[in-house]
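Please read the structure below before turning to the comments.
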Protein chains: 2
Amino acid sequence: MQIHSPIPELRQALMKRGRVVFVPTMGNLHAGHIALMTAARAHGDTVVASIFVNRLQFGPSDDFDLYPRTLKEDCEKLAAAGVDVLFAPTEGDLYPEPQQYHVEPPAIQNQLDGEFRPGHFRGVATVVLKLFNIVQPQAALFGKKDYQQLMVLRNMTRQLALPIEIIGGETVRAADGLALSSRNGYLSAAERAEAPRLQRLLQQVSAAIRAGETDFARLERETAGELDRHGWKTDYVAVRRQADLQLPDTGGKQALVVLAASRLGPARLIDNLEIDAPGGR
Amino acid sequence: MQIHSPIPELRQALMKRGRVVFVPTMGNLHAGHIALMTAARAHGDTVVASIFVNRLQFGPSDDFDLYPRTLKEDCEKLAAAGVDVLFAPTEGDLYPEPQQYHVEPPAIQNQLDGEFRPGHFRGVATVVLKLFNIVQPQAALFGKKDYQQLMVLRNMTRQLALPIEIIGGETVRAADGLALSSRNGYLSAAERAEAPRLQRLLQQVSAAIRAGETDFARLERETAGELDRHGWKTDYVAVRRQADLQLPDTGGKQALVVLAASRLGPARLIDNLEIDAPGGR
C-alpha cells in the first residue's frame, strides 16, 4: 500500500490524463474571446470552449433576457480559431433542478462590482465550478477585463484544491482604447464615441501613481467626477492590490490595479488597468 | 470541431481514466470503516482511503482536540483490508491558508444535526469537495450512520456536477445493536450498557410506522421522553423523507428514515433506521 501526504505527490500517483485547456464564455463572441482561444492553444493539447448564458449570475434587474445569443456565428468563429470541442449546454443540462448548493466566496464578493450586483460572484463561482467538474481541464483562461471575476475564480480554484491552472488573458481593445465587450453593442453612436474616456482616465490614474501620487482616494474621487461630468453614472473607481483586490497597504510595494464601473446610456461598462511599478512605493 | 450539449456525452468525449473508489475518514478506524473499504473493492480498480480530522466541521464547543488520532493502527487496518492508497494530509497540506471559499448547502444544513452543530455541514461539504478535487475518484463511499452527511454529500455531488457515484454503506453494529462509532470510546461501562437503547427505540418507531401509525410527532416526542427518562439528553428524534430529510408528505408513500441524536454522559451519539415499507402509506 502506498501512503502519500503532500497533495502534489498524491495527484501524481493518480494521474493518467493529457492536457485539456478550457475557455468558458457566455457567447456573443468578439475578438477578445478569440484571443483567449488562440492563447489557449499554447497551454495544452485540446482546447475546449463553452457557451452558456448563466442565469445564476444575473440579478433581477440585470440584462439576462436582453443578453445577445448568437450561437451560429459563435460556432463559426470558434471553428476558425481552431477550438477542438465546444460545450454548449442548455439550461436543463446545467440546472436540471433548482441550484441549492453554491460556492460562497468571501466578503470581496460584495465589494466593487459585487456591491452593485448582489449574488453575481456567487453565481459565477458556482457555474464555473460546475463547468470545471464537467470538463475537468488542466488549465482555464479568463479575460483580465473581468478582473474581479478572474481574481475570485483564481482564488476559488486554489482554495478548493482544483488541479487547474488559471490563466489571465490580456484585454483586447478597439483602436481608440475601448475594451471589447458584448455590452458595447448597447451603445448609440454618440455613446460609443464617448466610451473610450473610461480607459483614458484609468491611464491618467496609473500615470499619476507611477509618478508617486499616494492619495488614491482623491484620484478615485476625481476620476469618478470627471466621468459623471461627461454623462456617465459611475458605480466605483478603485485602486486595489492585484492579488486579492483589498485596499493597498500604506507604503507597501505591492502590485496595484485600478478598476472602474460606470453606466453610459443603457450599458454598464467596466474596465481596469494593472499598475505594475508604482513610483516611490 | 465536435459540439456536445448533453453533459454525459461531453464527459464521454473527454474521459481517459480508470476507476478509482474513495473512502474519506477521520481515522480511529473501527469495523464500520473497514466494511466500507471492503465494499469499495467491488466498485472499482483502485481503492483510496483518506484520514484527516477536519477542523472546519467542528464547532468551538466540539471535541476537535479530544478526537482520537491513531494513525499507526489505522494504517495496519487499511493495509490488511487491501486498500491501495492512503491519503493522509497534514492540516498544512489541506489548509495552507485560512479557508475563505466554502460550499454552502441549503437550509437542511441548519436542521436536525445541523441545528446543534452550526457550520458542521458546510465544513463537511467543503472538505469533501477538496478531497474529491484532489483524489478525483469515480466513486466514493460514506456510511449510512451519518445519514444527514450522506444526504448532503450525495446532493452536493449531483448539484455540482461532480462525475462521482456516491454509495451509502450499511451501518455496522455491535452484537447488542449499538452502532459502531469513534465516540463510543468516550462511554463508561455503565453508559456503554445503556447505549443500545437508542437503536432499540428507533426499531420500535419503525415497527409502529410499518403497522400504520401516522402521528410521527407523537412517536418522536415519546421516543425522546423515553431516552431522557434513562439519563440521556436528547437533541432530536425525527421521522423524515430519505431523499432530502424534509418532513414527510401527508399520506404520501415516500421512503422514510427515523433519525436521532442524544447525549449520554460525555458522548453525543447519533443513529438512524430506514423505514422502506411503511404500512398503510
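Letters A, B, ... mirror the listed sequences (proteins, then strands); counts begin at 1.
- Looking only at heavy-atom pairs under 4.5 Å with chain B, the residue among A/Asn155, A/Ile164, A/Leu129 that has the most is A/Asn155.
- Formation of a donor-acceptor pair under 3.5 Å by the B/Asn133 side chain with backbone atoms of A/Leu160 is found in this model.
- Only the backbone of A/Pro98 comes within contact range of chain B, judged by heavy atoms closer than 4.5 Å.
- Between atom CG of residue A/Leu162 and atom CD of residue B/Gln136 there is a gap of 8.5 Å, rounded to the nearest 0.5 Å.
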Run the salt bridge (Lys or Arg N to Asp or Glu O under 4.0 Å) check on B/Glu97 and A/Arg158 step by step: do they pass?
-> CA-CA 10 Å; B/Glu97 54 190 29; A/Arg158 188 185 66 250; 2.8 Å; yes
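- Counting heavy-atom pairs under 4.5 Å between each of A/Val152, A/Leu131, A/Ile108, A/Val127 and chain B puts A/Val152 at the top.
- When each of A/Gln109, A/Gln159, A/Glu104 is checked for a side-chain contact (heavy atoms from CB on, under 4.5 Å) with B/Tyr101, only A/Gln159 meets the rule.
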